[in-house]
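First the structure, in the form of structure tokens, and then the observations on it.
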Amino acid sequence: MADLNEIQTLEHDVLVIGAGGAGLRAAIECAARGVNTGLVCKSLLGKAHTVMAEGGMAAAMGNVDARDNWKVHFRDTMRGGKFLNNWRMAELHAKEAPDRVRELEEWGAVFDRTRQGLISQRNFGGHRYPRLAHVGDRTGLELIRTLQDHGVHQGIHVHMECTVLDLLKDGDRVCGALAYWRDTGRFVIFKAKAVVLATGGAGKAWRITSNSWEYSGDGLAMAYLAGAELMDLEFTQFHPTGMVWPPSVRGTLVTEGVRGDGGILKNKEGKRFMFGYIPAKFAAETADTEDEANRWLKGDKSARRPPELLTRDEVARAINAEVKAGRGSEHGGVYLDIASRLPAEQIKRRLPGMYHQFKELAEVDITKDPMEVGPTLHYFMGGIRVDAESQMTTVPGLFAAGECAAGLHGANRLGGNSLSDLIVFGKRAGAGACDFAASAQAPVIDKDQVEASMRRATDILNRESGSNPFVVQDKLQDMMSHNVGIIRTKSELETAVEKLKELSAEAATAKAHATSQYNAGWHTALDLRNLLLCSEAVTKAALTREESRGAHTREDFPGEREEWVKYNVIIKRGNDGDMVVEKRQRPAGPQPLVEIANSKIEDLEAGKVGADYQ
Amino acid sequence: MAQRTFKIWRGNKDGGEFKDYSVEVGPGMVVLDAVHRVQAEHAGDLACRWNCKAGKCGSCSMEINGKPRLSCMTRLNSLPEGTVTVQPLKTFPVIKDLVTDVKWNYEQNKRIAPLKPKPRDADGHHRMMQEDVDRVQEFRKCIECFLCQDVCHVLRDHHKHDQFVGPRFMIRLAQLEMHPLDTADRIPAIRKEYGSGWCNITRCCTEVCPEHIGITDNGIIPLKERVVDRYFDPIAWLLNKIRGKK
Ligand code: SF4
Ligand code: SF4
Ligand code: FES
């Protein structure tokens, strides 16, 4: 059917797919190494989901509290991730984040300042010290715009509004991708010696989510189909505070910065309920009275942290339990109160975005009234399995960074560790891809693969009739929210597996009308394959992990099981095309890192533990 | 739930027309929700841009009842009763339906030289006081929705795209010019290459900015003053320079 010569072909040494923080940072690294780099954006440049990040990026610079250093950051990350994190990634991240943040300042980022004129750092859930470099509550915008404005001068070839359909392979290795231009609907072949995926998660499979339409798990699904291993997909983070009212904005993020700046959670009886949900593991470091929590907020270094700043998994489960017990707010959430905690002027200065968002979308003035909030699907801790140093996946020439890669966050991500993840591992993936490309042969494109991918896409337009892709997506979102939510059980997960088969059958006959030019229906139909594959992987991983850890809670297997910290759930495509799920033993952590992660904070800071490990 | 009619422009670069669609509307709904409902129920191929649905990404700009606005932040109950008219931005060429070709804006951005920071202090830090960066941060709130570009008559009516970068990029320039670390001299280019003289301070851009950035008063006017100082009052400029004011 297709004559390859008639299809537009673009050639790069490294092709980066996805233009959020990780993709942009990877592309900048490649360009800095003098490599011909292509950057594919699903939307316009600068619109990727990174702009939604609010609170900040974690980096142990110690500008606000000099006691902070990489070891404390590393320890917080491991504890937040319930020790399932990749040790080496957590170490690299904590060590390299400060330099990556300073580099942003060099490129034009303007962070909020301390009184001494340094980059200011704020408190956040699970971080022992004020650690998040931030700009009000729009840090993600600052990150993406800084990388964008710097990146456009580095000679990167930016391809906007271009959707990648499939990766192409030359034998075992990746050699490019087939994509289509949204504005014309025409296909394009990208030929590349190495490919970096930076495509984010698949939150759009859920009804209540903070994720945009772009979050359809393209990178995860394409990597899986190309033979890569996925890991830890059972860990889907429900951010505790999404908007719950009005319905059209249900799920939209309310930054954790509200709690970092003193906001408290209350149930409909006005009770500050988080004191009742402090898990034993964090009891030694969490305040148990309102008085102590308030002293901490005022900067009393002997006081312990308020329970509202426990890790996201704990707070989300607590809110869920309050609502289930009938103590929820009018529209099925709880109250988040900053109005009684800070003067109106300060709220507007520190949380301008939130003020604006509630005022315009919910007609609530947060300087006067509490917000109504509830859990919203926010982030995939799991993703494509990568090598810690180079970010290469199990497929030669294929790299992954940012949310679509697995490992750094373990079973639960700390707020603020995502933006720093993007810049630390975006840079590393770029370097890894350049190194690979330097010694790689010129790739050869296989006509059959291109044809198969094109046929899958054009069939949607060509078939006489079929299912409405918007309706199928809608059903999927309801199904996943219902059966694969915060609290999971075997029977619901099994129901989900069955339902996913039915939905996949429906999706296979999806029909889009009219031409391929900027066609929302066609695009939605194309995304369905990826969303369904990711949903299946999450569900099967969740069925396999028979314990509750971090963001994965099994009602039928409560509590962490000692044995399970030794395993990751790995997902890959079997030879027969079926999804294979494997419980795989993890390598033991290096001794000094294990000691630091498990140490008492006093011992770590007194130099009794890990002192000679740098 | 009530029905409401939306008059939506359908077409491409060769022309088009308004079509009426009726959908059910509920509490809290914004114009973008209605457009999505039309997609799901009546016109699957209807083209529109959006990402964040929370006023943070600047993708969903349209002209709603004739005014350039973010469709994700325009609540239906804030509009006068009756039919709502939705059409693409007028200043940029249509690709399809509500989607326009905004590449020109990206080309302008590429023309602007990036920050040229002075060296760090001996201890590795850059020091800047909050009060010295407040203004720069105000400009950096920009979400690149291009509503200001759409409404500026220099571009919209006079099509001076080759002589004036437009309000969005005037504040990008202002942000660099006022950045405490920047060492580049930007004034000659602001006048000659980016066309600061074209702006006649109508303030239409400031009015539509969803981020409430003081584009004209805080950005463009100070830039114009710096241009005037340089070219028409060089002595004052020299004195300022000697005193170390940027
Ligand atoms: S104030 Fe200047 S830039 Fe703004 S709309 Fe008027 S002429 Fe254009
Ligand atoms: S200055 Fe305001 S109106 Fe103009 S692009 Fe930026 S956010 Fe939009
Ligand atoms: S969708 Fe992001 S601003 Fe409207």
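Here the structure is a predicted model, which means the values were calculated and not measured. Naming: A, B, ... by sequence-line order, numbering from 1 per chain.
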Which of residues 104-111 of chain A get closer than 4.5 angstrom to chain B, counting heavy atoms alone? A:Glu105, A:Glu106, A:Trp107, A:Gly108, A:Ala109, A:Val110, A:Phe111
Minimum heavy-atom separation for B:Leu46 and A:Ala520, please, with both atom names. O-CB, 3.6 Å
Between B:Asp45 and A:Asn519, which heavy-atom pair has the shortest distance, and what is it? CA-OD1, 3.3 Å
Reference residue A:Glu142; test side-chain hydrogen bond (donor to acceptor under 3.5 Å, both in side chains); the match among B:Gln137, B:Arg140, B:Lys141: B:Arg140
Whatever's closer than 4.5 Å to a heavy atom in chain A on B:Asp33 counts as side chain
Under the side chain to side chain contact (heavy atoms under 4.5 Å, CB included) criterion, do B:Arg49 and A:Tyr518 qualify, and how do the steps go? CA-CA 10 Å; B:Arg49 280 197 185 104; A:Tyr518 225 113; 3.3 Å; yes
Check the pair B:Gln39, A:Thr524 against side chain to side chain contact (heavy atoms under 4.5 Å, CB included), reporting the backbone distance first and the verdict last. CA-CA 11 Å; B:Gln39 278 181 338; A:Thr524 303; over 6 Å; no
Heavy atoms only: give me the nearest B:His125-A:Asn63 pair and the separation to one decimal. CE1-OD1, 3.5 Å
Please classify the contact of A:Ala362 with chain B as side chain, backbone, both or neither, using a heavy-atom distance under 4.5 Å. backbone
Taking all non-hydrogen atoms of both residues into account, name the closest pair between A:Pro247 and B:Pro27 and its distance. CD-O, 3.8 Å
In terms of heavy-atom pairs under 4.5 Å with chain B, which of A:Lys42, A:Arg115, A:Met52, A:Glu54 leads? A:Met52
On a heavy-atom basis, the closest approach of A:Ser248 and B:Met29 is OG-CA, 4.0 Å
Could you check whether the rings of A:His356 and B:His212 sit parallel, tilted or perpendicular, using 30° and 60° as the cut-offs? perpendicular
Report which part of A:Asn468 has an atom under 4.5 Å of a heavy atom belonging to chain B: side chain, backbone, both, or neither. side chain
